[in-house]
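What follows is a short report on a single structure.
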Protein chains: 2
Amino acid sequence: MSSDAEPAGRHRRATISDVARAAGVSMSTASVVFSGKAPVAEATRERVLAAAGELGYTGPDPRAASLRRGRSGIVAVAFEEHLRTAFLDPVKTAMMDGLTDGLAELGSGVLLLRDEPGLGPDAPTLATAPIDAAVLIGCSGRMRESLDAVLARGLPVVVIEGDAGDEVPRIELDNGEAAAQLAHHVRALGHRRVAVVTLPFDAERERGDATPERIAQIVLPVTRIRLQSTLEVFPDARVVSAGASLIDEGVIAGRTLFADPRSRPTAVIAQSDLLAAGVIRAAEEAGLRVPEDVSVAGFDGIAVDGIGEHVLTTAVQPAAEKGRAAGDAVARMLAGEQPASIRFTCTFREGTTTGPVTGAETRAP
Amino acid sequence: MSSDAEPAGRHRRATISDVARAAGVSMSTASVVFSGKAPVAEATRERVLAAAGELGYTGPDPRAASLRRGRSGIVAVAFEEHLRTAFLDPVKTAMMDGLTDGLAELGSGVLLLRDEPGLGPDAPTLATAPIDAAVLIGCSGRMRESLDAVLARGLPVVVIEGDAGDEVPRIELDNGEAAAQLAHHVRALGHRRVAVVTLPFDAERERGDATPERIAQIVLPVTRIRLQSTLEVFPDARVVSAGASLIDEGVIAGRTLFADPRSRPTAVIAQSDLLAAGVIRAAEEAGLRVPEDVSVAGFDGIAVDGIGEHVLTTAVQPAAEKGRAAGDAVARMLAGEQPASIRFTCTFREGTTTGPVTGAETRAP
DNA sequence: TTGTAGGCGTTATCAA
DNA sequence: TTGATAACGCCTACAA
């Protein structure tokens, strides 16, 4: 039947040249039939397609095409943390959603990468994966090394909520301003004894009360900037760091804060809505009413489960838009432009979880 | 400085042959220095590395290597739904976590794919992406087409919680047995007026009371199997389908169930923990106590926020293990084996959300 | 509209 | 231990 006797079982896959030969046309013609980059006579087209069907040819090998074109159609999205942690965070989830949309429009797929060496010996990394560009999320010190690798490869890089030097376009939030606005809101309500529950300081994710020294060494930019702004309004605030942006972590931090009735804060500013939700739960556990006995503010503006009828006072961030913007930035860079960094603005939302400090409280030392 | 005058700007990237020439060795030797697939004299090695550094060569081009080797080191993970929905689901998140781990050990990256055509004109798909294998999640009718595309490419495919024909290894759960166990538990507690809150029936995700006809046409295997088992124990159960596995959807379904005090069920079996959490919330909203007035059971065994001190009665499924198993199966197939399908077993957990039917209730029609 | 030829950057094979 | 050579499969000038 076929010219080269194939022994029943699967053999070498058909290539475009096989198809061309079978259809009695040249490789280029066959190629064009599949790419559509040039007009082909209808009859020819059909002959080629028929031959392809016959041979079980399912279209150009993406690897070869990729080599030839110099593009793989894949963009890496690199997380610093375990992917589980990344996707447990509603903000990141929303961001990924915008990002995948943006990249899909561009015609790229998303390769999930974790910047944690030592998994597989030859697991793909930012330095070795067949990617056209990379998006780094929450990039801080740890990722620096991989960043250099991508940069050395000459690949476009965009960073979301992180700092990778001035050459690398950033997608970020007005974290400082938003945090300041929240703090001023709380201050305007009369609160003076205030506590801050922060996101993790660094990859160590140490929990608990933070000393000024520790605060000065915060690695994660988001944590640092939000905290600094808050401390400018409340220099004496008690600072407790959480191990992650999770409700449970908020509960833990909240229990710490409400343990001693005499020293408990009248307002808690949490660096994420999930943490705030946890703090609220801890408050209710401790028999405190929100916001009568204690005000709680969050950050993010996500839909939080588990806080009943409360509406969090928070800074609403455009998470999905951030992702989409990163996608756009990648597209631009791939097109040879050098996109500017973008700063998104949070919207202050006054909910039902903050209220004026009550008389009894103002008398506190 | 450099031998070939490069006009300041970026030029053609150095290739291994440039490096070889600069180091005064052959291409093969240079290649081996980077791949480590054969011993190289230390002196030679250093010379090559030095030349590479000089030329800014950062290692083999993965696209070319991929063409040559016939492997890209990338495995696609395809979802039927919007990625946001996928990652909102704690079960899928945990599964992805296990899966990425498993694949990383294998040395593969994870390419996220959504089986939804019409995003970008040339967005990568299961048919065109440079992948070595694919993992399909929740595969049902809609994905059939893409599945055929991958199969036609001769790529290994593994399906998690879905059905792709007998040739394709499945990773699944003993959904039927687990659901039956839950139902029997509820029955043993004396409940007779029982309602089921199901996962979506199909991609339409229609909400509300389901007729027997609709039930007969359920597309999503997980929904269908769990429901069938439950109905074998409670043939007359009221069946309400949710639009997604979300707490909010559970609340909606719950409100439907508890709307009419006279016809309300004494027990609700939800097909996911998130739905169960929503049902509990709806029950409390309606002034019902759980489990005194109404028992609620879930499915999955995830940590649910927002149900206070309750511990859900549920079937605990090994979600991360499922993902890891899929990774293993892919590895096997890549190695030429034909792995068998795997069925994981759920563990029944009796929590505090189910209890005996109370006297008043048993008298109901 | 179709055909020809050269190369994209590697790596496997084999010989030296 | 090193080197020469031939694919890997496709695409795209360019010529016909």
Side-chain angles (χ1 to χ4, degrees), chain A residues 4 11-49 51-52 55-73 122 124 128-132 153-155, chain B residues 11-49 51-52 55-73 122 128-132 153-155:
Chain A
D4 45 348
H11 210 50
R12 172 181 141 272
R13 294 197 65 70
T15 76
I16 202 166
S17 101
D18 299 327
V19 174
R21 195 172 331 115
V25 300
S26 75
M27 275 174 65
S28 11
T29 305
S31 171
V32 163
V33 167
F34 287 102
S35 74
K37 297 236 171 181
V40 181
E42 184 54 26
T44 319
R45 220 181 78 83
E46 273 167 18
R47 210 139 34 87
V48 171
L49 259 18
L55 295 172
Y57 179 78
T58 56
D61 179 329
R63 289 180 297 260
S66 151
L67 171 60
R68 183 58 235 248
R69 284 204 262 256
R71 290 263 170 99
S72 66
D122 36 36
T128 65
I131 54 177
D132 298 335
R153 284 175 74 180
L155 297 178
Chain B
H11 209 51
R12 173 181 140 274
R13 295 198 64 70
T15 75
I16 201 166
S17 103
D18 299 328
V19 172
R21 194 170 335 112
V25 300
S26 74
M27 276 172 64
S28 354
T29 305
S31 171
V32 161
V33 166
F34 289 100
S35 74
K37 298 233 172 182
V40 179
E42 185 54 25
T44 318
R45 220 181 78 85
E46 272 166 19
R47 210 139 34 86
V48 171
L49 260 18
L55 295 173
Y57 179 78
T58 55
D61 179 330
R63 287 180 297 258
S66 154
L67 172 60
R68 178 61 239 228
R69 283 206 263 254
R71 289 265 171 98
S72 66
D122 35 38
T128 65
I131 54 176
D132 298 336
R153 285 175 73 181
L155 297 178

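We name chains A, B, ... by the order of the sequence lines, and we start the count at 1 in each one. As the structure is a computational prediction, the values presented were derived from the model and not from experiment.
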**Q.** Heavy-atom pair with the smallest gap, counting every atom of A:Ala129 and B:Pro62
**A.** O-CG, 3.5 Å
(Q) If I compare all heavy atoms of B:Gly56 with all of B:Arg13, which pair ends up nearest, and what's the gap? (A) O-NH2, 3.6 Å
Considering only distance and modelled atom types, tabulate donor-acceptor pairs under 3.5 Å from the side chains of residues 28-44 of chain A, sequence neighbours left out.
from, atom 1, to, atom 2, distance (Å)
A:Ser28, OG, A:Ser26, OG, 3.2
A:Thr29, OG1, A:Ser26, OG, 3.1
A:Ser35, OG, A:Lys37, N, 3.2

Q.
Using every non-hydrogen atom in the two residues, find where A:Val48 and A:Ala23 come nearest and quote the distance to one decimal.
A. CA-CB, 3.8 Å
Q: Report the end-to-end axis angle of the helix from C:dT1-D:dA16 to C:dA16-D:dT1; each axis comes from five terminal pairs, and the value is rounded to 10°.
A: 30°
Q. Nearest heavy-atom pair of B:Gly73 and A:Pro124: which atoms, and what distance?
A. O-CG, 4.2 Å
Q) NA contact type, B:Thr44, heavy-atom cut-off 4.0 Å: base, sugar-phosphate, or nothing? A) sugar-phosphate
Q: Would you give the length of the straight line joining atom OG1 of B:Thr15 to atom CG of B:Leu55, rounded to the nearest 0.5 angstrom?
A: 9.0 Å
(Q) Show, in sequence, the C-alpha distance, side-chain angles and deciding distance for B:Arg68 and A:Leu67, and conclude whether the side-chain contact (heavy atoms from CB on, under 4.5 Å) test is met. (A) CA-CA 10 Å; B:Arg68 178 61 239 228; A:Leu67 171 60; over 6 Å; no
(Q) Please find the pair of heavy atoms, one from A:Ile131 and one from A:Ser72, that lie closest to each other, and give the distance. (A) CA-OG, 3.6 Å
Q: Give the first and the last nucleotide of DNA chain C, reading 5' to 3', that has any atom under 4.0 Å from a heavy atom of chain A.
A: C:dT1 to C:dG9
Check nucleotides 9-13 of chain D for protein N or O atoms closer than 3.5 Å to its own N or O atoms and list the pairs.
from, atom 1, to, atom 2, distance (Å)
D:dC10, OP1, A:Tyr57, OH, 2.7
D:dC10, OP1, A:Asp61, N, 3.2
D:dC10, OP2, A:Ile16, N, 2.6
D:dC11, OP2, A:Ser31, OG, 3.0
D:dC11, O2, A:Arg68, NH1, 2.0

Q | For B:Arg21, salt bridge (charged side-chain N to carboxylate O under 4.0 Å, His left out) partners two or more places apart | A | B:Asp18
Q | Inter- and intrachain pairs under side chain to side chain donor-acceptor pair (under 3.5 Å), touching residues 55-66 of chain B, at least two apart | A | B:Asp61-B:Arg63
